[in-house]
Each structure stands twice: as C-alpha cells, then as structure tokens.
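Data first, discussion second: the structure below is written as structure tokens.
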Amino acid sequence: MSMPDGNARVITFAQAINEALAEEMRRDERVFIIGEDVAEAGTPFKVLSGLVQEFGRDRVIDSPISEPGITGLSVGAAMTGMRPVVDIMFGDFITLTMDQIVNQAAKIHYMSGGKLKVPMVLRTTLGATRRSAAQHSQSLHAWLSHVPGLKVVVPSTPYDAKGLMKTAIRDDNPVAFFEDKLMFQDKGPVPEGEYTIPFGVADIKREGTDITLVATSSMVQVALKAAEMLAETGISAEVVDPRTTFPLDKERLIKSAIKTSRAIIIDEGYERYGVTAELASVIADGAFYYLDAPVKRMGAMDVPVPFSPVLEDLTVPTPETVTHMAKMLCGKL
Amino acid sequence: MPKEVIMPALGMSQDSGVLVAWLKQEGDSVVEGEPLMEIETDKVTVEIEAPASGTLAHVTAAAGEEIPVGQTIAWILAPGESVPEHAALSEAPAVSVMASQKISPVAARMARQHDVDVDQLATTGSRITRADVEAYLETKLPEHDGQRIPASPKARRLAKENGIDLAELTGSGPDGAILTADVLASRSESQPPPVSRAWRIMAHRLEESWRTIPHFYLRREVDASRLVAWRAALMKRGIEKITYTDLLVKLVAQALHQYPQVNAMWLDDTIVFNDHINIGLAVAVEDGLVVPVIHDADRCSLAELASRRETIVARAHDGKLSLDDIQGGTFTISNLGMYGVDSFSAIVNPPQAAILAVGRIADRAVPVNGQLTIRPQMTLNLSCDHRVVDGARGAKFLDTLAELIEEPLGLLG
C-alpha cells in the first residue's frame, strides 16, 4: 500500500480535496470552480469552504441550478484555454450533463484532429446509505467509464483523493472525479506539500494470499473491514483499489488474482452491467488458468435505492456480505 | 475425358498439403476456373480452381486430411463419363501402417497421438478414417457419464501439468468440482518421498529372494553365559573393540567349516559349495540396508575380524563400500540385539543358502540341573533356502553353533 512519506498530518477526505483544489488554483490561474452552492456555502458537504475567500467570486462561481448549462460552458471554457472544475452536487445529476460530457467533452479532441482539448474536471459524488432516496443515492460512475475519451477517478482515501485530484486538474483530458458522500468526514494521513498520484495505477490497500477483494471508492473501506473479519477466520484477503476505472490497471488486478486464485469485485454502482462486470471480465480473462473459483461481483442491488433506512442498507455490499461471499469462495462456509 | 483433381504442390519442398475444405460437394457441377477447394501448406492457405468443367465425383479426401502432393483426391466428369477403373482401385494410397490396413493420414496421426494400435481399428470402408479412430477412442476413453468433469480452471491446469487424471480425483468444490487443493493433495499422495538407489536395490533383492527361495526357519535359544564371560575377559585384557558380533562371526565361521552345505548356494538346479567362508553382516545405513562381507572369516583371528568389521561398517555408513566389500558373501549374520529385539526371522540373502538372525542377550529364568536359574539367554533364528539345506542339516549346523556359543573352547584368542 502506498503510504504518505514523512510525518503526515491526519485530515479529512473533504480537506484533502479542498487542499488539492486550492493548491492547483494557486499554481495555475486558469483553474476555476463552477457549481451550485460552491462559493459561500462551500457545497452542502463543506468541501470547498474557504476557497471563495481566497480566490474570489470570479474563480469560485455560484451557478444557477442548471447542470447542462454549467457543464456546457465549462466544455467551451476548457476548449478555449481554461481549466474548469465543474461541481455536480449529486452524481445522479450527471444524467443532465450527459450530452455535454459524452458527445462534446469526450469527443472534441478526436473530432478536431487533436487541435482542441478539453482539460476539465467534473467533480461529483456517489454512494448510498445517506437516506437521500432514489434520486440522490446512485453511483453512476459506470456510465462515464463506458465512454472513450473520458477518464474516471474513484478515490478511497484522503491521501489518494488529494493526489488524484491534482493529477485530474493537470490532465488535458476531461476527467470525471467521483467522491463518496459518506467519506467526506473520514480521516487519513496526508503529507504536507506537493505530490500527485498517476492515473491507472492500482493500489494494494492490504496484502493477502487467499482471496483478492477488488474494491472501488466507498467499497474499499468495506473490503478492508471484511478483510479484517476474514483474518479472524484464517482467510487472508488482499484488497486492491484500482483508484481509476479508466485508465484501468489491469495488470495489477490480474496479478493479484493469479496470486490468490480467487476474486470478488466490490463496487457501489448497480451490479447489473456495472463496473464490477468490467473488472470481473478483466480478471476472468487474464487470470483464467489460475482461478480456483468463479470471479464474483458485488454491487448495488437491482432496485431504485430505497429511502427506508432498513431497506437502503440492504441494497449495498457490507463487510458482512463480503465476508460471507469470501468464505464461500474459499470453501470455508 | 475424366479429369483428376490432385493435391497440388504449392512450394518447392512441400510433400503434402491439408485439405481445409471442399468448396463444392460431390455431385455438384463445376466450371473450370471456379474455386473448388481450400488447401493449406505449412506456409499458406489458398483456393484451388477446378481444372475442368463437369461434375465433381469420386471424392476420396475429407476436409482436415493431410494428403501427399500429387495424389488424386477427386474426379471431374463430363456427362456420361465415369471414373476410370484403375483410378477406383488405386485411390488413396494413403499412409500404409500395416500392409493389410489402409489408413488416412489424419487417422494415422490421431492414432499415434492417442497411442492406438492401428490393428485394433475396424473400418467399414476401404481404409481407416478419422471417424473410425474417433469411434474407437469413444469406446476406450473413460466415461464420465458423457460429461465434462467439473473443475476450476486452475485445478484443471495443475492436473494437466502434473499428469494427473481429473477422473481419479474427488472434488471438494460445489457440485463436486475439483479445486486446486484436491489436485495438490493427490499430488502429494502420488509422489511419495523419493527412494534412494540403495533402498531400491535392497527392495528388489529381497523381493526376488522372497519370491524364489523356499524359506524355512529354525529357532534355538542358547545360553550366552560363556559368550558374555568371553567378551568380559577380552575387555578386561583391554581389547574393547571386540563385539558380540565379532564373537559370533568367529563361531559361525567355525560351524560353517563343519557344515559346508550351509555355506553353499542353489545354482542351475544344483548345489554349489563355496570354497571360501565369507560372512556378510547386515548393516542398517541411512538410506537402506547393506551387507558388507568379511572374506575368509574362518581364517581370521578375533582381532582381525574386529578390525575388518570396524572398517567395513564405517565404510558402509560413509557410503564408501567398494564392490569387493559387498561381493562374494556366502552366509549372512543379522544382529538386531542392540535394538532390544528378542528374536526375529530374516530373509535369506541370495544367492546364499542361509542367514542367521540374532536377538539380544537377556537374563531369563531357566532350569539348570532341576533348579530355576537366571542366565543370559540369546535366541538364534536360522533362515534356510530349502533347495540347499534341509531341516536336519540346518538343525545340525544350528546345534553345533549353539554348542560353540555355550562352550567356546579352543576358540579364545
């Protein structure tokens, strides 16, 4: 597992994102933020607190409630030399931005024969169990992972979030950056000073020998807890975090599965046609002759996310359900 | 004129080609220049055009077959024509494995791959084809209820790499699927720790002995008091190196001298007496059992016997025995007394006629002159090859040996 060097401070996921944005805005005048409630409010999750004070209303822009509008103008701004960070409060609302992102942002570099580029970041959220009901609880990162021309980041720790956000802002391609709503207050070590994390490099969050748990974003913590529980039953689980769904570090996923002979893919998006399917197929293909069990997928249940807390909690993978599945694959159930 | 279709040569060094597919079927009408078939050589796949117009007839090669260049594989006939008679007879010279059996190249290759004896194959046609081989394999291959054995990809790969037949394994996975652990378990079972060369030689020799030599056993308990006293006396004189084994070698050599038939062997339906008395000592070494030999034991003094015994036993333990050290034995002594064994029966060490198994010396309550007395006793077991030694002769030898042990007079020194 890549750990920050030296005497890292312990800060929240939200602070890590905030720092990354502030540092990049200081570093590059072309970087600006636009979104609903991003300025004084600092977003409902308080991720952007303090930025408007430092950078002013011209660089931290409160927008009307018009996701397609702000996304479209950001694509244009990016094409003409700026480096916008668009804030889409809930990941569910990317559906409103789809034409701007999928047909414009993702395609322009290619369609213009490389003459134009769209260096923008679409910051948004994912994750259920916040009691936000069916329209504010989805994890739709698979939608954007599907489209050529887009890069998709799904960080799982404050350290990764900061390093990856800085890479996202400096990338000349459109990058979708999904943050788990429930992880904003999670704390972790983040070193002082400058660092970036490259895209397409998976991180082994925990080493193990019996089963590989590939987990993304919010599910990394679930997988780590499951690994802890599995250790008590004598099963050594390896937790691999791809960190970006595209570019995807296929090699490290396959290598881990070859080492352990078993794999479960855990992702909070809908299981059906989801990120889990893509990652499972990568492993099934690359590690086939080293697998001792079918590659299993665990994603969100095939239902609209319920508002009822009791029901909502049943729709996403938990340490208990992951542990159960892992034991089954290891023949210890 | 009927026109033959032959396997063409597409390269200088090509001697056969594979018929990938017929693009026309038997009975189809073809036009000269039309693609007729696909041929594959070791370098290319090409379409071959029909050499004439007419009806495709008398097709003798099937898709997938490897056919020698120049061989006729079909005919193109104009209306009213038929295949020339000589052609019908000379069809498909093919690869003749047996003078009596014709077999197509593909079938021959399959048979080779599956180790199938071509003579075992039956055919309904004029030659053995791929279908015949497949039909044969169908009957020979183990049946798994016609189903593929459930196994994980990894287990399947490991089984293949280790030459393990999945059908012989029991799967511990869902629906009895064979998992990696099942393959590894069977591998550790099927590959016992390797056996040393020495151990294998011992195994083969004793197996041979047990199978071919009609054994019988004579058991005799002897009073070892004098033997114990004798050794004690020697030790008192400072000759500590002399062991009971040395004393026994001395006494056995003496007894053998009197009973040459026990110092003999069965060879080509006759008894051959040995000119020398060479006594082998069974020695347990790290990787097996060896029997180094003390040659001409009857002519050695006790001190010589002890020193020779010491030398060969040391060499045995160091694995440095020479051929001379282990050849020419005419009788063997196996002493397990030091392991606390009271008595045991040994297997004759071929080509010798007998082996003496010696147990430990232990104090026993024995009647002497009507009185119960405590005496050091020792049990001897003589195993004999009945083809050389009969019961009476063996008994006399053992009796003489017992007397020598109980009264080792004149042999001191």
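Here the structure is a predicted model, which means the values were calculated and not measured. Each chain gets a letter, A, B and so on, in the order the sequences are listed, and its residues count up from 1.
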field: Partners passing side chain to side chain contact (heavy atoms under 4.5 Å, CB included) against A326(A) (at least two apart in sequence or in another chain)
entry: I211(A), L230(A), I264(A)
Do chain B and chain A have donor-acceptor pairs under 3.5 Å, and which are they?
residue: S152(B); atom: OG; partner: L291(A); partner atom: O; Å: 3.3
residue: S152(B); atom: OG; partner: D292(A); partner atom: OD1; Å: 2.5
residue: K154(B); atom: N; partner: L291(A); partner atom: O; Å: 2.8
residue: K154(B); atom: NZ; partner: S261(A); partner atom: OG; Å: 2.4
residue: R157(B); atom: NE; partner: Y289(A); partner atom: O; Å: 2.5
residue: R157(B); atom: NH2; partner: Y289(A); partner atom: O; Å: 3.2
residue: T180(B); atom: N; partner: D292(A); partner atom: OD1; Å: 2.8
residue: T180(B); atom: N; partner: D292(A); partner atom: OD2; Å: 3.0
residue: T180(B); atom: OG1; partner: D292(A); partner atom: OD1; Å: 2.8
residue: T180(B); atom: OG1; partner: D292(A); partner atom: OD2; Å: 3.1

message: At a 4.5 Å cut-off on heavy atoms, which part of A151(B) comes close to chain A: side chain, backbone, both, or neither?
response: neither
message: Looking at F246(A), I'd like to know if its CZ atom is crowded, meaning that more than 12 non-hydrogen atoms belonging to other residues, nucleotides or ligands lie closer than 6.0 Å.
response: no
